[in-house]
There are 2 protein chains.
Amino acid sequence: MHGRHKGRVITAEDVARVIGVSQSTISRAFSNPESVSPATRARVLTAAQSLGYQPNVIARSLITRRTNIIAIVMANLTDPYYPQILDTLTQAIQARGRQTLLFIPPEDGTIDDTLASLLQYQVDAIIIASASLTSEMARVCAARQTPVLLFNRYVPGVRISAVSCDNVASGRDVAEFLHGSGHSRPAFVSGEHGATTNADRRAGFVETWHELGVRSCLQVEGGAYTFEAGFEAATIIARRKRRPDSIFFASDIMALGGIHALQQAGLRVPEDISVVGFDDVPLASWPSFNLTTVRQPLPEMAEAALDMLALDDKAGRRRRVTQFVPGTLVQRGTTRAR
Amino acid sequence: MHGRHKGRVITAEDVARVIGVSQSTISRAFSNPESVSPATRARVLTAAQSLGYQPNVIARSLITRRTNIIAIVMANLTDPYYPQILDTLTQAIQARGRQTLLFIPPEDGTIDDTLASLLQYQVDAIIIASASLTSEMARVCAARQTPVLLFNRYVPGVRISAVSCDNVASGRDVAEFLHGSGHSRPAFVSGEHGATTNADRRAGFVETWHELGVRSCLQVEGGAYTFEAGFEAATIIARRKRRPDSIFFASDIMALGGIHALQQAGLRVPEDISVVGFDDVPLASWPSFNLTTVRQPLPEMAEAALDMLALDDKAGRRRRVTQFVPGTLVQRGTTRAR
DNA sequence: TTGAAAGCGCTACCAA
DNA sequence: TTGGTAGCGCTTTCAA
């Protein structure tokens, strides 16, 4: 008997008529159950069920000024790390009773246009998980009272909320781990140029080796978080006279490309050279890779992000800060003590 | 000067007041520009720009009964094939001026609950790219006039629109290719039990070998589209006395697991045994895998899906059929002529 | 080409 | 606890 009313959508008015109460009562039974007597509520729910009625959340949003929709802006869905982020964030969003609007910005266009069209949808918040945004656009969002948060990155000097893995600390961890297991000739292969993720991982890693008394840390520019970039960087490293005994790649995918290059150059991992990645993407734990890496604390990062957005805080008073969540070194088979 | 009105959101009424026209005119200038004189339209747009006005699409949806939002239901974001689907679909949706609401159904719960909450959001259509749906729920959606489409799967016997790769034909292609390149002892490793994708790939493959006069095609149950399932199936195959000379895995990820198992068993791919996968996920083309596989025509499938949903057809008259789009065999390094 | 007015389905206030 | 009523911001007739 569900909504058999050919084409007509059932409204609260319809339900009200059927059981002889006012439309307001139907509304209250759904949006504020305590304000209706248990008996009435039961009758409403039963009638709604049999008529196939469900509140129209669009109409609700118009008056409450809340859509319960959170936008996620994300390019690069083909990089295996991003789906992980999307999965974690979306599940966290749904766990809080919200829904996810997914935006993939066009490759060429600026993200500002994307954001503008997002704002039309009256989303409650925007989480940007790739690309950045101009300070102009940040101002527009602020004026609209729409909280914006950068996930997995931050923009130094711009006052936008951000949640990121503590990349500096993790870089340190990797350096200390390698040093502690007897390595003394480290190398770092960087990823996307200009990304804070990249710069911070390097900074933590390189500085720590310095503090540990190791003067020279070889640094090779990868240029992108890709298999090919890792491959090429490792090829260069493999050809050096004085080879490093360990390489820290700025991402797992780069590390996998790097390992392939090292093996092609006749080097064994980890016997001849240790390799550490970053992200702990699903592939990293596959037996064929078994990559030592840094796991980003995605669930904690997602929770921190949603907390910062203060979705339930009607006053709209939220902290605008950058929050760093520590990662975890996961030891697998691509490193070994020297 | 963008929307500096502390907290107040700019409405069409505000713009109207500023330039001394009616609110209707503002509305028309945005939703139906031809119905307004060029001069007026220009004034409206200028004023809107400087005030930071943008139409509220929620309010618009309430009256037009179209949200321009399409829901995608997808679990398994960690499997690398699904992000590819999501990416392609979302970009196609955006190219048609719509937005994507992403739903990840809870692992335990039925998809019916998910769909119910989706309908509240008044989405214009629902694309289900993982899991299936009950015929009961299909009826509810039909009553609500919300078109539903299954992507990458179909339910035989249930009248729901569906778009899928032509898995039977691709299974044939693989068989013919292997036969043509001198193989004569084929094996098929199946994936998720009960999935049409799986059954169709097998059917096309096995039947074709029969037609080609090869009686026995070894069939091993993998049970899931996972690395481990492929690994275990290949381990069993490697132990057989009379080994196949080629294995067709129901998915790329399984094939990669299988290759790892074969290599551990001391077999060389493709020298001792050829391997073919399915999907052409990004990893498949990485130099370290270089997997021969079947590429699913995702862009074409996405276009077909959106066409079938007939979003612009106000009459709501849509074909309810299953459409199969042919895939392409991509020859790489895991197969060779015998 | 433009404006006035009705109303989309709901929430929220106030009175009963 | 319930009902009446006034909108939320927009689109869409219908007249002017």
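Side chains included, hydrogens not; waters and symmetry mates left out as well; all remaining heavy atoms used. Letters go in sequence order (proteins before strands), and every chain restarts at 1.
One can place CG of B:D14 at 9 Å from P of D:dG9, the figure rounded to the nearest angstrom. Going from atom CZ of B:R17 over to atom P of C:dG3 covers 14 Å, rounded to whole Å. Atom CZ of B:R60 is separated from atom P of C:dG9 by 18 Å (rounded to the nearest Å). Residue B:Q23 contributes atom CD, which lies 14 Å from atom P of C:dA6 at whole-angstrom precision. Between the C1' atom of C:dG9 and the CZ atom of A:R28 lies a distance of 16 Å, rounded to the nearest Å. Rounded to whole Å, atom C1' of C:dG9 lies 13 Å from atom CD of B:Q120. Here C:dC10 presents its C1' atom at 14 Å from CG of A:N68, a figure rounded to the nearest Å. Taking atom CD1 of B:I63 as the reference point, atom P of C:dA5 lies 17 Å away to the nearest angstrom.
Distance from the side chain of B:S37 is smallest to C:dT1 among D:dC10, C:dT1, C:dC10. Listed nucleotides D:dT11, C:dC10, D:dG9 differ in distance to B:A59; the shortest reach to its side chain belongs to D:dG9. For B:S24, counting side-chain heavy atoms from C-beta on, the closest listed nucleotide (C:dA5, D:dC8, C:dC8) is C:dA5.
Scanning all heavy atoms of the two residues, the minimum distance from A:Y53 to A:I10 falls at CD1-O, 3.4 Å. Minimum heavy-atom separation, B:I19 to B:R43: O-NH2, 2.6 Å. Contact between A:V148 and A:I128 at its shortest, heavy atoms only, is CG1-CD1, 3.9 Å.
Ranked by how close their nearest DNA chain D nucleotide is to the 5' end, A:G20 and B:A12 are led by A:G20. Projected onto DNA chain C by closest heavy-atom contact, A:Q54 and B:P38 fall at different nucleotides, the more 5' of which corresponds to B:P38.
One cannot find a donor-acceptor pair under 3.5 Å joining the base of C:dA12 and the side-chain atoms of A:S27. A donor and an acceptor atom never sit less than 3.5 Å apart when one is taken from the side chain of B:R65 and the other from the base of C:dG9. For a distance-only test at 3.5 Å, the side chain of A:T11 fails to qualify as a donor-acceptor partner of the base of C:dG9.
Dashed line: the shortest gap from a side-chain N or O of B:T25 to OP1 or OP2 of C:dG3 is under 4.0 Å. For B:T40, no side-chain nitrogen or oxygen approaches OP1 or OP2 of C:dT1 to under 4.0 Å.
A:Y53 comes within 4.0 angstrom of sugar-phosphate atoms only, judged by non-hydrogen atoms across all strands, and of no base. Using a 4.0 Å heavy-atom distance criterion, A:S35 is classed as a base contact. Residue A:V21 is classed as a sugar-phosphate contact, given heavy-atom separations below 4.0 Å to backbone atoms only.
Ion pairing of B:R96 with B:D307 is present here, as a side-chain N (NZ or NE/NH1/NH2) and a carboxylate O approach within less than 4.0 Å.
Between A:Y82 and A:F151, the distance separating the two ring centers is not shorter than 6.0 angstrom.
A:I126 has its side chain out of reach of A:I72: every pair of non-hydrogen atoms, C-beta onward, lies at least 4.5 Å apart.
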